[in-house]
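Accompanying notes for the structure given below.
Note that the structure is predicted; figures quoted are calculated from it, not measured.
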Amino acid sequence: MEKSEDTFEIRLAGRLMDKPVLIRPEQTTDGIPVYHCLLEGRSISQLRQEPSGEWTQIWGDFPPEIIRQLGESIMQHMG
């Protein structure tokens, strides 16, 4: 995987102890970026947006609602 863009921070109000989550996008060989989510320097999840638009978690243990909120926040930043 190659780094595709610089890292950025997002916050989920009332979630994840209201600390910033660092997002590090990486481009994959299939052209769909993987978003590495880090909290206080520790990897907590990896997400990607499927061609259908649905956000899926590749690694981690977040419930679907948190995955959706993280995905929406990523899209707002990227958009």
Side-chain angles (χ1 to χ4, degrees):
M1 283 193 245
E2 296 179 11
K3 184 176 176 183
S4 62
E5 295 188 30
D6 291 331
T7 59
F8 57 93
E9 288 184 353
I10 60 174
R11 286 184 180 267
L12 298 181
R15 305 277 188 181
L16 303 174
M17 301 168 286
D18 202 30
K19 294 181 181 177
V21 176
L22 187 67
I23 306 295
R24 189 184 77 225
E26 287 190 25
Q27 192 65 285
T28 62
T29 56
D30 65 2
I32 300 173
V34 170
Y35 297 91
H36 298 267
C37 306
L38 301 111
L39 183 64
E40 297 181 327
R42 184 174 59 90
S43 182
I44 56 172
S45 184
Q46 292 178 6
L47 306 177
R48 72 185 267 159
Q49 188 176 30
E50 299 299 333
S52 67
E54 178 184 1
W55 284 90
T56 59
Q57 184 169 225
I58 299 169
W59 177 87
D61 60 359
F62 286 133
E65 179 63 19
I66 298 294
I67 295 166
R68 186 187 61 75
Q69 289 178 349
L70 282 166
E72 287 176 358
S73 294
I74 291 168
M75 290 309 296
Q76 286 176 0
H77 179 85
M78 303 299 282

In one Ile/Leu/Val/Met/Phe/Trp/Tyr side-chain cluster, 4.5 Å: Trp55, Trp59: no
Same cluster or not: are Ile58 and Ile32 linked, directly or through other Ile, Leu, Val, Met, Phe, Trp or Tyr residues, by side-chain heavy atoms under 4.5 angstrom apart? no
Got a second to check how far [X]'s [atom1] is from [Y]'s [atom2], nearest 0.5 Å?
| X | Y | atom1 | atom2 | value |
| --- | --- | --- | --- | --- |
| Ile44 | Arg42 | CD1 | CZ | 7.0 Å |
| Arg24 | Gln46 | CZ | CD | 8.0 Å |
| Met78 | Tyr35 | CE | OH | 4.0 Å |

For [X], enumerate each residue passing the side-chain contact (heavy atoms from CB on, under 4.5 Å) test, keeping only those at least two apart in sequence or located in another chain.
| X | result |
| --- | --- |
| Gln76 | none |
| Gln57 | Ser45, Leu47, Phe62, Ile67 |
| Ile10 | Phe8, Val21, Ile23, Leu70, Ser73, Ile74 |

Nearest heavy-atom neighbours spanning Glu9 and Pro20: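 Heavy atoms of Glu9 and Pro20 come nearest at OE1-CB, 3.5 Å.
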Residue set satisfying salt bridge (Lys or Arg N to Asp or Glu O under 4.0 Å) with Asp30, at least two apart, ordered chain then number -> Arg48
I'd like to check the side-chain hydrogen bond (donor to acceptor under 3.5 Å, both in side chains) partners of Thr56; sequence neighbours left out, ordered by chain and number.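 By the side-chain hydrogen bond (donor to acceptor under 3.5 Å, both in side chains) rule, Thr56 matches Glu50.
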Scan for salt bridge (Lys or Arg N to Asp or Glu O under 4.0 Å) pairs involving residues 68-79, sequence neighbours excluded, and state none if there are none. Glu65-Arg68, Arg68-Glu72
